[in-house]
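Below you'll find the structure, written out as structure tokens, and then a few comments.
Counting convention: from 1, in listed order, for ligands and their atoms alike.
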Amino acid sequence: MAKMAASLVEHGQDAFKKLFKYYKRRNPPPDFSEVIDFSKGLRSDKVFPAKLNLDAVSERDAQRVGLRPVQAWKAFGLEGYPGFIFISNPFLPDAQRYWVKQCLKVYPKKPNVCNLDMHMTASETADIWERSVDLIRKNSRGRSEPRTLLERLRWVTLGYHYNWDTKTYSAGHHCPFPADLSCMSQHVAAACGFPGFTAEAGILNYYRSDSSLGIHVDESELDHTPPLLSFSFGQSAIFLLGGAKREDPATAMFTHSGDIMVMSGASRLLYHAVPRILTTPTVGPTSPGLPHQSEGPLPSSPEDLLVHNIEAGEWEVCECYLQTSRVNVTVRQVLGPGQGFPSETVKKTTLFSSKGSYHQGENIEDVNIKAKRIRNDSGSSTDS
Ligand SMILES: O=C(O)CCC(=O)C(=O)O
Ligand SMILES: [Fe+2]
């Protein structure tokens, strides 16, 4: 089986698509032995330690956003992918809980935009968390139908809201980017050698255990010099990193809870995909970094600490949700320094951003292909 995965890579022709299908397959299950696992350090000969800028972020600034001191981060590069940096869970004990809570409770709130807005009124989507918590708490693993709004959440956009139809950002469709996530992203980017990074757009993807994300490249940002940052929480997944062309072969790696990926330089515009979320039927964490038992509270709050310990009741809901889910946050800088949107994009916004018409009259498959959205095994749309 391991040979099979390798031979798919060697044959070139549509190698990425074949690898995607291979890792997505349930029956028979794929062999994961060739998947790079950065949590195991330098075990693979393709993995090498990445150099970070150790002075870019003070220990105090890192702590403020829930990160360990940069000196303690385990950061890796991957042979053949210059500019790709994988940081294996650099979060302080319990800090992930804060970020998970933000992703589930805070960022889906208005004025941010989510998939549920496309079919529901503003008042119906006003408090997704509050409307979901009681049922999530009574969670029974293994059921297939999502019962709550939180379980039907597929994406949230922050800052400059990504328009899935036109594949553009625009000046007219924008709301303030969350200050905490902006600050954390700035520190991660600075440690990776990008001190001027500005978080301008965010896409949160909410994956259920049968979800996948198709092969795509993130090229809608107007400047590709700044890196793209990716934060993963919850269940582990297989992430495939390909080449500059869609059919180029790809490398498979695990992403676990707390892991950060940085796509910069020559790796900024590489094709990538998430063919599979890895969940096991056992209760408790399956992802090495998933916070389960309290790992020890965050340091008692200096006044300016951005992350804080969350309430036990809130974590109970997050933990139930994460037993079958993965949340990924990508943070992007859209514009170069001093750059503005071309007037063309502003015009397009008026045409396409009216909420009622978003995705309407379109075949769901077309929308999924165009917008490279998350799909479920059943093939059903996860856009609603
Ligand atoms: O979920 C992931 O790890 C990748 C997400 C992604 O590629 C995207 O949002 O563009
Ligand atoms: Fe992406």
Side-chain angles (χ1 to χ4, degrees), residues 16 20 23-24 35-38 78 81 83-89 99-100 103 107 112-115 153-164 167-169 181 185 188 199-221 224 226-244 246 250-264 267-279 287 289-290 322 325-334 368-376 382-383:
F16 197 154
F20 183 94
Y23 283 114
K24 190 177 159 80
V35 179
I36 291 174
D37 193 343
F38 289 98
L78 190 57
Y81 297 92
F84 176 75
I85 304 170
F86 194 107
I87 308 165
S88 187
N89 185 13
W99 291 110
V100 169
C103 292
Y107 302 149
N112 300 332
V113 180
C114 73
N115 64 302
L153 194 62
R154 288 296 167 266
W155 55 262
V156 166
T157 54
L158 310 171
Y160 286 116
H161 298 288
Y162 187 63
N163 183 323
W164 303 102
K167 292 187 172 182
T168 59
Y169 301 97
L181 185 57
S185 302
V188 170
E200 292 176 327
I203 297 180
L204 281 77
N205 285 309
Y206 298 81
Y207 298 82
R208 307 292 294 164
S209 51
D210 60 351
S211 308
S212 58
L213 180 66
I215 303 167
H216 69 278
V217 63
D218 295 285
E219 59 188 358
S220 301
E221 296 71 29
H224 299 133
L228 186 146
L229 310 182
S230 159
F231 304 92
S232 295
F233 301 107
Q235 295 301 321
S236 300
I238 301 284
F239 182 84
L240 298 178
L241 184 61
R246 196 184 180 88
T251 299
M253 61 194 83
F254 290 108
T255 85
H256 302 302
S257 197
D259 288 346
I260 301 178
M261 285 188 261
V262 177
M263 293 174 78
S264 71
S267 288
R268 171 64 182 80
L269 292 174
L270 296 185
Y271 278 87
H272 54 281
V274 180
R276 191 185 188 106
I277 305 302
L278 300 156
T279 51
S287 183
L290 191 67
L322 287 186
S325 313
R326 168 177 184 260
V327 182
N328 177 266
V329 184
T330 49
V331 178
R332 302 126 191 267
Q333 180 170 334
V334 176
N368 280 335
I369 289 161
K370 278 203 310 201
K372 53 89 176 162
R373 289 321 316 139
I374 294 180
R375 300 174 196 209
N376 282 29
T382 54
D383 259 15

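For Phe254, the ring pair (Phe, Tyr, Trp, His ring centres under 6.0 Å) partners at least two apart in sequence or on another chain are His256. Looking at residues two or more places apart in sequence or on another chain, you find a ring pair (Phe, Tyr, Trp, His ring centres under 6.0 Å) between Phe239 and His272.
A heavy-atom distance below 4.5 Å is found between the side chains of Gln333 and Glu200. Taking 4.5 Å as the limit, some side-chain heavy atom of Ser230 sits within range of a side-chain heavy atom of Asn328. The closest side-chain heavy-atom distance from Phe233 to Arg326 is not below 4.5 Å. When side chains are defined from C-beta on, Leu153 counts as touching Asn115, because their heavy atoms get closer than 4.5 Å.
Counting heavy atoms under 4.0 Å from ligand 1, residue Leu213 touches it through the side chain alone.
When distances from the Fe ion (ligand 2) to the N, O or S atoms of His216 are compared, NE2 comes out shortest. Restricting Asp218 to its N/O/S atoms, the shortest distance to the Fe ion (ligand 2) is reached by OD2.
Within ligand 1, counting atoms from 1 as listed, the ones closer than 4.0 Å to a heavy atom of Asp218 are 10 (O). Interface atoms of ligand 1 facing Val274, defined by a heavy-atom separation under 4.0 Å, are 1 (O), 2 (C), 3 (O), 4 (C). Taking a cut-off of under 4.0 Å to the non-hydrogen atoms of Arg326, the atoms of ligand 1 that pass are 1 (O), 2 (C), 3 (O).
Taking only nitrogen or oxygen atoms, main chain and side chain alike, Arg332 reaches within less than 3.5 Å of ligand 1.
Using the six-membered ring where Trp is involved, Phe86 and Phe38 have ring planes that are parallel, under 30° apart on the 30 and 60° scheme.
Proximity of Asn205 to ligand 1 is established by a heavy-atom distance of less than 4.0 Å.
When Tyr207, Phe231, Phe239, Tyr162 are ranked by how near their heavy atoms come to atom 1 (O) of ligand 1, first place goes to Tyr207.
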